[in-house]
Peer 1: 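Here's a structure for you.
Computed over heavy atoms, backbone and side chain alike; hydrogens, waters and symmetry mates excluded. Ligands are counted one by one from 1 in listed order, and the atoms in each one are counted from 1 as well.
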Amino acid sequence: MGRKQEKVRFWIPAGILVLLFFLARQMPLYEPAPEDPFTGTYWYNPYGNVTPGGQWLRSNFHAHSNSWKFITNGKDNTVGDIVTTYDSLGYDIIGVSDYQHITDTRTVVPATGTEATKNRLFIPVYEHGFNVCKTHQGTIGARMVYWNDYVLPQTRSQKQHILEQLGERSELVVLHHPAWMGGYSKKDVRRLSGYDLFEVLNDFWISEELWDVALSSGKPAMLIAGDDAHNVFKPTDLARDLTMIHAGAQDPLAPEDVYRALKTGAAYGIEVTRSVARGSVVQKRACLDALPVLQSCRIQGDSLVVVLSGKARQFHFIGQDGALLKSVPAGADMAADAAGSAHTPDNAAGVADSAFYLLQEQDRYVRVKIALPDSSHIYLNPVMRTMEKNKKPPMPPVRKRRLFTIFDT
Ligand SMILES: [Zn+2]
């Protein structure tokens, strides 16, 4: 073998090693976030300001238009179509979350719209991510698009880096459909920080179990629910999962009121019964209008008391590690209770409009999931242990590893 060949054999791998080293130096590394469950003598209640008769905004922040043509579905599905359809469904907030693009919906006024819908609140949103594992994020109150992403399966530090960058460019950062295709693993959600909302309910994937993992490791991730609609002409894309946001007393509402409500947790999710999945817009609207709303969720003495404006079939109280703490009425198991299952309950008319749970010393958080007579489900945000009175426990700070911050800008 000639000397020249030997040289080549040495330099190629050496060159690759040097290249890999510099690539690694380009990417910040992060400390894993602490995994400590919520602690403290106080309880934080996200619904502290909710009073009976309060106004709730019907919202969807996750719908895609035809802006990416054949890559996403629904070639005829324009921004105007999305706004008009959701307007007919009685939505107060209509987000068009195209990939890497903030869509201004203010120019679109549905022909049938009333004065109120013409002055609809505009909340800028978009979906970030173009990688192979569907590690996607939503940004709400987006100021500008962040164009970088890691295309191959991402390390935890890469995921943290993206969340940090999005946080600098928007009001709220969402983990979109986090359990879908392993976009975020259990280990990820225990160790990631620096985001606000968890898309627990999404038309493609329900991430309820993963949410409990995040909450159990002390991440105060508040819930959001979205259709992730790709074609509003397909009934199964519409009004499947929605977020109800407490409007408070402000009139007129400003985007900041919505951000505050989502961040503090004054919102809840609805998984709409599968029995209207293929229904018309009119049928879906009637179903949504008939659903009871949250009247109050209070801590009275040691009890967590939830009151709805109508009857429910069953209330489930869920705590640390997703444990079922109590069901009201007792007996039926949660599995039989999946939305739209063939199971026909005896108590189809609903049994009670309220339920309570006696908070225990060992409880770290308690959330309530409510099965309604039509098999729709309401998911409330948790009450959480906290060190400071009336203060939501904070997300742990995002910390870079020291060694890798030397050349970092
Ligand atoms: Zn997505």
Side-chain angles (χ1 to χ4, degrees), residues 59-75 77 79 81-82 86 93-103 105 123-142 144-154 156 158-167 169-186 188-189 192 194-211 214 221-232 234 236-243 262 269 271:
S59 324
N60 181 49
F61 297 91
H62 202 166
H64 297 273
S65 80
N66 59 358
S67 69
W68 286 86
K69 306 293 176 204
F70 56 90
I71 300 177
T72 53
N73 301 324
K75 274 176 281 202
N77 177 48
V79 172
D81 295 330
I82 296 176
Y86 278 96
I93 298 173
I94 302 170
V96 176
S97 59
D98 283 326
Y99 292 106
Q100 305 297 126
H101 180 73
I102 302 167
T103 305
T105 54
I123 307 283
V125 297
Y126 81 95
E127 182 165 26
H128 176 272
F130 42 90
N131 52 77
V132 295
C133 285
K134 298 250 180 224
T135 306
H136 291 173
Q137 304 81 17
T139 66
I140 295 179
M144 62 187 286
V145 170
Y146 179 58
W147 268 103
N148 288 343
D149 199 15
Y150 299 98
V151 179
L152 298 175
Q154 299 177 359
R156 180 186 43 82
Q158 288 171 330
K159 291 174 187 179
Q160 189 64 77
H161 185 223
I162 297 287
L163 294 176
E164 196 180 25
Q165 295 298 314
L166 296 177
R169 293 165 176 80
S170 59
E171 296 295 326
L172 301 166
V173 178
V174 191
L175 302 192
H176 264 178
H177 42 69
W180 192 21
M181 280 178 67
Y184 294 90
S185 67
K186 288 183 181 177
D188 283 338
V189 299
L192 286 172
Y195 62 94
D196 306 285
L197 304 169
F198 210 89
E199 195 186 40
V200 179
L201 307 177
N202 172 293
D203 199 1
F204 292 94
W205 211 265
I206 303 294
S207 303
E208 186 182 8
E209 192 189 337
L210 198 62
W211 188 34
M222 296 291 96
L223 170 145
I224 194 163
D227 275 334
D228 203 348
H230 282 69
N231 183 357
V232 292
K234 238 173 91 187
T236 49
D237 274 26
L238 285 178
R240 305 293 304 278
D241 298 287
L242 62 144
T243 311
L262 286 170
E271 189 185 2

Peer 1: Under 2.8 Å from the Zn ion (ligand 1), can any N, O or S atom of His176 be found?
Peer 2: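 It does not: His176 brings no N, O or S atom closer than 2.8 Å to the Zn ion (ligand 1).
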Peer 1: Within a strict 4.5 Å, meaning less than it, do heavy atoms of the Tyr150 and Thr135 side chains meet?
Peer 2: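 Not touching, per the 4.5 Å side-chain cut-off.
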Peer 1: Mind telling me whether His177 and Trp180 have parallel, tilted or perpendicular rings, with 30° and 60° as the class edges?
Peer 2: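 Trp180 and His177: perpendicular rings.
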Peer 1: To the nearest 10 degrees, how large is the angle at the Zn ion (ligand 1) between Glu127 OE2 and His136 ND1?
Peer 2: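 That angle works out to 90° after rounding to 10°.
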Peer 1: Roughly how far apart are Asn60 CG and Asp203 CG, rounded to 0.5 Å?
Peer 2: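 Taking CG in Asn60 and CG in Asp203, the distance rounds to 10.0 Å.
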Peer 1: Could you pull out the atom name of the N/O/S atom in His177 that is nearest the Zn ion (ligand 1)?
Peer 2: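 Answer by atom name: NE2.
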Peer 1: From the options His128, His136, His176, His62, select the one residue that forms a ring-ring contact (aromatic ring centres under 6.0 Å, His included) with Tyr99.
Peer 2: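 It is His136; the other options fail the test.
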